[in-house]
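What follows is a single structure, written as structure tokens, with notes after it.
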Amino acid sequence: MALITCKDLTLAYENHIVVENLSFEVNPGDYLCIIGENGSGKTTLMKALLGLKKAKHGTIELGDGLHKNEIGYLPQQTFVQRDFPASVYEVVLSGCLNRSGLRPFYTKAEKQQALENMAKLNITALKDACYRELSGGQQQRVLLARALCAHRNFCF
Amino acid sequence: MNVVMEAIRNIFAYEFLLRAVIVGTLISVCAALLGVSLVLKRFSMMGDGLSHIGFGALAVSVAFGVSSMAVSLPVVIAVAFLMLWLGDKGKMRGDALIGLMSTGALAIGVMVVSISGTNVNLMDFLFGSVFALTQGDVYISLCLAIPVLVLFVLFYHKIFAVTFDGGFARATGIRTGLYTSLIAILTAVTIVIGMRFMGALLISGLVVFPPLTAMQLCKKFRNVVLCAAALSGLSFFLGMVLCVAIPNCPAGAGVICVNLVLFLLFSLLARVRRLVAKD
């Protein structure tokens, strides 16, 4: 079974339909690129796949044992983050949060994973740097490291 | 200096002063902790809105002769939910909503108090009266403030994630609705207890000042949280010292003035640090 199955998906914002009757499957190992003009609904489709937006019609099913807390996601920047006082390490580590359930603190393994992902993206030196003082590209790498912490199965 | 020492000695000598300091410091710390999240989520004025709602509820409960806590607590919690929920959905601009609700509730409260002719002092409602706290108030406040502190510590990392990036948290399977509701309830409880001694018009200062002061100098979220909590507790104590040392000094206003001075001091330090870093 596919990891993600979309059937007859119709998406809209403010009653303005952007995507109509879209059906596709994503299987393990697939890389899927979504290309389109500005305003053609790329972000809207992503949001629907992530469960951040309701579909007007149609269904999106997660299959093959894919759970929501195994998904990594690299979002566009939000305005809150631009002046948010947080260290790079705190941001990356928060990616591990989705499997902690009700456990209030991080485990050693999760902290180790955060450090490894930071090393992968070459931002170890920025560990204690303040997120809001980084350049746009550095911030993006921090968010990518966070996405890697969150994902075990699927990454947007 | 002697006046200050004597004021401090008095605080520890008189039971009613000590009571006020204990409850006030606890609530100040709670307000500052929650304030960090609210200020960063652009909900700084939520405390202000909620305290006005609390004032309205308080006025109605006094006019009808029912327990004020029993009316204002559920009403304020309900409104806190509504504010965060409507704000997150983007149905209505948060600031506009708070403006509508707070002035509306304030007007209703003043109307009810005036027309019903109940024998209450509006000044106490609006600006608080630290020394009117009874032993019962202290127990209620402790029973509510301690859970706020414990829950904040237990859910600290989740609160960070939800505050920093709610969309990411939700997309990766964290129940953001749950934690947003938690913040709403804890804030409502803190405001309802706090407005008894800070007053409806001043309590939101405890939510806004300490986080903003801490953010002037701290660059890590954890440090901001710890610093805000410490500053808030300290400000309350110093405000009380001020109020005992200076005759006729109102306590709530004194506390906020100390907060203001600390904020200015910290912004100055931050500016100096930036200048030094440049050279």
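Naming: A, B, ... by sequence-line order, numbering from 1 per chain.
The two atoms that bring A:P85 and B:M215 nearest to each other are CG-CG, 3.8 Å, heavy atoms only. Minimum heavy-atom separation, A:L50 to B:A171: CD2-CB, 3.7 Å. Closest approach of B:A161 and A:L97 over heavy atoms only: CB-CD2, 3.4 Å.
Heavy atoms of B:N223 lying under 4.5 Å from chain A are absent altogether. Both the backbone and the side chain of B:F168 have a heavy atom closer than 4.5 Å to some heavy atom of chain A. Contact of A:R132 with chain B is made through the side chain alone, with heavy-atom distances under 4.5 Å. Within the 4.5 angstrom heavy-atom criterion, atoms from both the backbone and the side chain of A:F105 approach chain B. For chain B, the nearby parts of A:V91 are the backbone and the side chain; heavy atoms of each come within less than 4.5 Å. Contact annotation for B:R175: neither backbone nor side-chain heavy atoms come within less than 4.5 Å of a heavy atom of chain A. Interface remark: A:L49 contributes no atoms to any contact with chain B (heavy atom separation under 4.5 Å).
The candidate with the highest count of non-hydrogen atom pairs below 4.5 Å against chain A, out of B:I174, B:L154, B:T172, is B:T172.
Note that OG of A:S94 is 7.0 Å distant from CZ of B:F164, once rounded to the nearest 0.5 Å.
Atom CG of A:D8 sits in a crowded spot, with more than 12 heavy atoms from other residues, nucleotides or ligands closer than 6.0 Å. The environment of A:K47 atom NZ is sparse: at most 12 non-hydrogen atoms of other residues, nucleotides or ligands sit within 6.0 angstrom. The number of heavy atoms from other shown groups lying within 6.0 Å of CZ (A:F24) is above 12.
Judged by distance alone, the side chain of A:E90 and the main-chain N or O of B:K220 form no donor-acceptor pair under 3.5 Å.
Side-chain rings of A:F84 and B:F221 approach one another, their centers coming within less than 6.0 Å.
Two residues are said to be in side-chain contact when any heavy atoms from C-beta on lie closer than 4.5 Å; B:K219 and A:D128 fail this criterion.
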